Amino acid sequence: MPREVPKAYEPQEIERYWAQAWFEEKIYRGEATARGDTFSIVLPPPNVTGSIHIGHMLEHTQIDIIVRWRRMRGNKTLWLPGMDHAGIATQVVVERQLAKEGLRREQIGREEFERRVWQWKAESGGKIKKQMIRLGVSCDWTREKFTLDPPLYRAVMEAFLRLYREGLIYRGRYMVNWCPRCQTALSDLETIHEAREGKLWHIRYPIAGSKEFIVVATTRPETMLGDTAVAVHPEDERYRQLIGKMAVLPLMNREIPIIGDDLVDREFGTGAVKVTPAHDPNDFAMGRRHNLAEIDIMTPDGHISAAGGAYAGMGRFAAREKIVEDLKAQGLLEGTTNHAMSVGLCDRCKTIIEPRLSLQWFCKMKPLAAPGIQAVEDGLLSIVPDNQKKIFLDWLTNIRDWCISRQLWWGHRIPIWHCGDCGEMTPATDSRVAVVDGRAQIAGVPDKCEKCDSGKLTQDPDVLDTWFSSGIWPLSTLGWPDNTEDLRTFYPTSLLISGYDILFFWDARMIMLGLHLAPGTKIEERIPFRQLYLHALVRDPHGMKMSKTRGNVVDPLEIIEKHGTDALRFALTVMAAPGTDIALSEERILSYRAFANKIWNAARFLFFNLEKIETLGVTLEELAAQEIRANAPYATRDALPHQWIFSRLAEVTRQINEALENFRFHEAAHVIYHFFWGDFCDWYIEWLKPQLASGNREDTIATWRNLFAAFEYALLLLHPFMPFITEELWNRLPQAAGAKSISLQPFPKAHTGWLNSEAEHRVALVQEIVVAARNIRAEAKLDAKKKVAADLASDNSEVLNRTSENLDVILRLGSLSALNVQPGKLKSREGAVRSTSQFDLGIKFEGELVDAGAEAAKLKKEKERLEKDVASKKQRLADDTFRNRAPAEIVRGLEATLADRQLEYQKIVERLAQLE
RNA sequence: GGGCGAUUAGCUCAGUUGGUUAGAGCGCUCCCCUCACACGGGAGAGGUCCAAGGUUCAAGUCCUUGAUCGCCCACCA
């Protein structure tokens, strides 16, 4: 490492260097830090759909802070990284690429398509990994996993087969959400709802054998082709007599029954509803209750099927228009009203989904949800923030079966074979997988049908929902179903940090599947993680969700190249108060880049002086003594600043530990920020400067040791938040010689022995005095370069004596009290006074005139404020109920404050009188 | 239709068991390129804490109602 230190911090090269070094030296291996209690966490695996975005960055930053902090505190720490094949999301991306070549996946076939996706995965996955390494996340890359790796593929097979044999996975023809573009079923969670202005068409259905009509209202007239009934509420007086009669379905000329069902809302529309069991979830339920035919009138790609008579072959929206037109022509359209409604869209491609009757695989959820509810209610799994707990429990309580099959080609293929003769199903013999061309496929292929011994078996073409494999991520990444050492050591994991947006998708599924599948008899042995922290989402500066279509996505790597990872990390951390989303702006990042620069320059101050120290005859070894921190603060002639800064350090450490314990990242970041910038730089270093320039050798050494010790201590505290700059600077410290990485050093302890309220109190007074003096100087517009004379009258003369020699340097005062200006006698033309109950400070202006009017105005304003304050306090203290009911401590405190204020008030009144 | 969250300085936001003069960053005004740092130093201005009730000796903080905005869930044809 070169010694020269540029004036402004340039993070790019330094960050690249350390990111690479940490990665190559594998210092974050699970075994490498094998010491105390285990702390394990899995990375929510990013999708291999592109690259890391700012949301990942926030998540990775928070995890990294906790992980670095835990590791430094001596936990045996594992952060396990990996990626998700992201079934439908990735398939959509590759399909779009194909579309650019004018191709569809059916044209190139399943095998070629899969080859293309693997190729994409290699590129995207590689890019993501590179990015993550650049972010400096301290995960164990030697354990990196991918959901389609053979061992993980096998774990998925095992999970499926177990649930299948237990009857928790079943196949059946039910209503599912169907995306006509992706041509696959979707789970309820994968459909999003968007408010749209729709229409409600009122259509006349003639009553058979009569001239009457029954008018039904619908938002999707095209589905009438599949109507098999008209339903009314059984107690609806308007329609009751029609129940049991037949209606004639217009356009199709089919007689359909009029039924009574209390699902019908009498208030809505006309109170009569057309029933299309194959294309609407409500109608489906009604259909099953009343044994209605289920007529599927739509093809998988959203066209009208042969069952749709004259409309066959038309697109679903074209058919709608044509049908409305035809109804109008036949006089069967009674009217149209506007209707606010919400349409379901495919989460991935935003195509309007079609509820569709379809043969799919489902997972029974009620039995899986019960232990999850119990785990949360018993406190074996804690959820932060607390309000998410209720949301989570509500969802688990009202859970419905999960459609787990997808008509996709990218994913884990369902290990079930269908018999060509009897049609029955035969599962794989076991979960073993074979590796063909580096890719896993099921090995336990059954050779004959379980039911009829036929050999005509074909494997189910569907793949599993991608969340099925992510649902066992903590298990599969640690080697399950084998009883591996990793599984024994690191499962259950300690914590999961994820966005609240995937609470149901992922977190809940992991909890349910983990509790069901993990070995162990107790819930606490099987739970996949003991704590769940849900972080906020990152939004653009206007609070809008970031999306490519809005064009407001922020590329983290761009920011990193501009301002550095540490600055971005710190900005995200400070803004990440739990519960509220983050609006990220570049300005905010800039101010934390400035913070990095501040740290850098504080270090420059120390390093510059290393040479000076050497000229004093002090060796770096003396400065680098192992116990340098342990023995601080070292005694010096003026002990106050050292006692104070180490007292602050002890307190700040306690606060950081407590905040991180409770995932209060922003609080921890604020504490360290203000400590470093305010306490350490603005006061401590400035205070020490004059002492470092003069004094005897012993004193100087002790002062330097304190300074270096405090600085190193601060770097250690900062490291989880800003890993790069702290690593770089720590390595340049004399005491770090030969040590490996700051990230493997012990996190500072909150030394209670350093706490010194006396010192803190006295320094607070010094600070008040200094601020008062600066205030006079600024308000009086004194020449900043000129020295001035001042006089300080204080009850606390000891403090004055100990600090006065420094004040003159800090303030560029002529020596304090040398001129013996009596604040009480200072004339307005000569100077100004600031008074508190603790001290009076007068500054005499040599030959310059103060603006007496301005001074008087200021004092008047202050007087008014104090008047009000004193009055309200007096009133309060005069109130007997207050005196009787408030704690004595509060009353006493108020009395003391009142006395102070009155004294100040008195002084101001006197001063004002003088000015007039 | 349920549920959750937000509303505090010009802007973006902190403010964990109620307690004495409500904070930060940015922006703004004034002074200073003082030998770590102008990505800096110093001093300031700026707030009836959304509204109305209530509980309490004491409310930004707790309760009720309402307003505005945002999000989530839901089988509103």
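Chain letters run A, B, ... following the sequence lines, proteins first and then strands; every chain starts at 1. All figures in this text were calculated on a predicted structure; none of them were measured in a lab.
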Is the phosphate of B/rG40 approached by A/Lys7 (side-chain N or O, under 4.0 Å from OP1 or OP2)? no
If you pin A/Ile391 and A/Arg266 to their nearest nucleotides in RNA chain B, which one's is more 5'? A/Ile391
Length of the CD-P vector between A/Gln388 and B/rC71, whole Å: 16 Å
Options B/rA36, B/rG25, B/rC4, nucleotide nearest the side-chain atoms of A/Arg604: B/rA36
Please name all residues satisfying side chain to side chain contact (heavy atoms under 4.5 Å, CB included) with A/Asn282, sequence neighbours left out, ordered by chain then number. A/Leu263, A/Asp280
Find the distance A/Ile685:CD1 to B/rG40:P and express it as a whole number of Å. 15 Å
Among all residues two or more places apart in sequence or in another chain, which pass the ring pair (Phe, Tyr, Trp, His ring centres under 6.0 Å) test with A/Phe721? none
With sequence neighbours excluded, what pairs up with A/Glu561 under the salt bridge (Lys or Arg N to Asp or Glu O under 4.0 Å) test? A/Arg16, A/Arg134
N/O (side chain, A/Arg876) to phosphate O (OP1/OP2, B/rG19) under 4.0 Å: no
Any strand is fair game: report the nucleotide pairing with B/rU16 by Watson-Crick or G-U wobble, both distances under 3.5 Å, or none. none
Which of the following nucleotides, B/rA36, B/rG25, B/rG19, is nearest to the side chain of A/Glu686? B/rA36
A/Arg288 to A/Tyr174 six-membered ring, cation-pi geometry met (6.0 Å, 45°): yes
Under a 3.5 Å limit on both distances, the Watson-Crick or wobble mate of B/rC4 is B/rG70
Ignoring backbone atoms, establish whether A/Trp677 has a side-chain N or O less than 4.0 Å from OP1 or OP2 of B/rG41. yes
Could you tell me the separation between the CZ atom of A/Phe882 and the P atom of B/rA58, rounded to a whole number of Å? 10 Å
Residues which pass ring pair (Phe, Tyr, Trp, His ring centres under 6.0 Å) with A/Phe605, listed by chain and number, not counting sequence neighbours: none
Distance, P atom - from B/rG53 to B/rA59, rounded to whole angstrom: 14 Å
Residues at least two apart in sequence or cross-chain that pass salt bridge (Lys or Arg N to Asp or Glu O under 4.0 Å) with A/Arg320, listed by chain then number, are A/Glu222
Mind checking the C1' distance from B/rC75 to B/rG66? Whole angstroms is fine. 32 Å
Given the P atoms of B/rG60 and B/rG3, what is the spacing between them in whole Å? 28 Å
Residues that A/Asp236 engages under side chain to side chain contact (heavy atoms under 4.5 Å, CB included), provided they are two or more places apart: A/His233, A/Arg238, A/Tyr239, A/Arg266
I'd like the C1' distance from B/rC62 over to B/rG18, given in whole Å. 7 Å
Sorted by chain and number, sequence neighbours left out, salt bridge (Lys or Arg N to Asp or Glu O under 4.0 Å) with A/Arg892 holds for none
Base partner of B/rG47, which must satisfy Watson-Crick or wobble distances under 3.5 Å: none
Can you tell me how far C1' in B/rG23 sits from the matching atom in B/rG15, rounded to whole Å? 7 Å
Under 3.5 Å for both donor-acceptor distances, Watson-Crick or wobble: does B/rG25 have a partner, and if so which one? B/rC11
Under a 3.5 Å limit on both distances, the Watson-Crick or wobble mate of B/rC62 is B/rG54
Verify the contact: side-chain N or O of A/Asn387 to OP1 or OP2 of B/rG5, cut-off strictly under 4.0 Å; return yes or no. yes
Could you tell me how far apart A/Ile589 (CD1) and B/rC13 (C1') are, to the nearest whole angstrom? 15 Å
Does B/rG15 have OP1 or OP2 under 4.0 Å away from a side-chain N or O of A/His666? yes
First encountered from the 5' end of RNA chain B, between A/Asp188 and A/Ala602: A/Ala602
Do the side-chain N or O atoms of A/His339 get closer than 4.0 angstrom to the phosphate oxygens (OP1, OP2) of B/rA77? yes
If the condition is ring pair (Phe, Tyr, Trp, His ring centres under 6.0 Å), which residues does A/His193 pass it with, not counting sequence neighbours? none
By nearest atom, which of the nucleotides B/rG25, B/rA36, B/rU16 is closest to the A/Glu667 side chain? B/rU16
Whole-Å distance, A/Arg865 CZ to B/rU20 C1', equals 13 Å
By ring pair (Phe, Tyr, Trp, His ring centres under 6.0 Å), which residues pair with A/Phe284, not counting sequence neighbours? none
Between residues 591-598 of chain A and RNA chain B, which residues have a heavy-atom gap below 4.0 Å? A/Ser591, A/Arg593, A/Ala594, A/Asn597, A/Lys598
Taking atom P in both B/rG25 and B/rG42, what distance in whole Å separates the two? 11 Å
Any A/Arg400 side-chain nitrogen or oxygen under 4.0 Å from OP1 or OP2 of B/rC75: yes
Using a cut-off of 4.0 Å on non-hydrogen atoms, how would the nucleic acid contact of A/Lys274 be classed: base, sugar-phosphate, or nothing? nothing
What one should report as the nearest heavy-atom pair of A/Gly499 and A/Leu537 is CA-CD1, 4.4 Å
If you check every side-chain atom of A/Phe605, which of B/rG25, B/rC4, B/rA36 has the closest atom? B/rA36
From the list B/rG19, B/rC39, B/rA24, which nucleotide is the closest neighbour of the side chain of A/Ala8? B/rC39
Produce the list of close N/O pairs, under 3.5 Å, pairing protein atoms with atoms of nucleotides 63-65 of chain B; give distances to one decimal.
none

Below 3.5 Å is the cut-off: list the nitrogen or oxygen pairs between protein and nucleotides 42-49 of chain B, distance only.
{"residue": "B/rG42", "atom": "O3'", "partner": "A/Arg774", "partner atom": "NH1", "Å": "3.4"}
{"residue": "B/rA43", "atom": "O3'", "partner": "A/Asn775", "partner atom": "ND2", "Å": "3.2"}
{"residue": "B/rG44", "atom": "OP1", "partner": "A/Asn775", "partner atom": "ND2", "Å": "2.6"}
{"residue": "B/rG44", "atom": "O5'", "partner": "A/Asn775", "partner atom": "ND2", "Å": "3.3"}

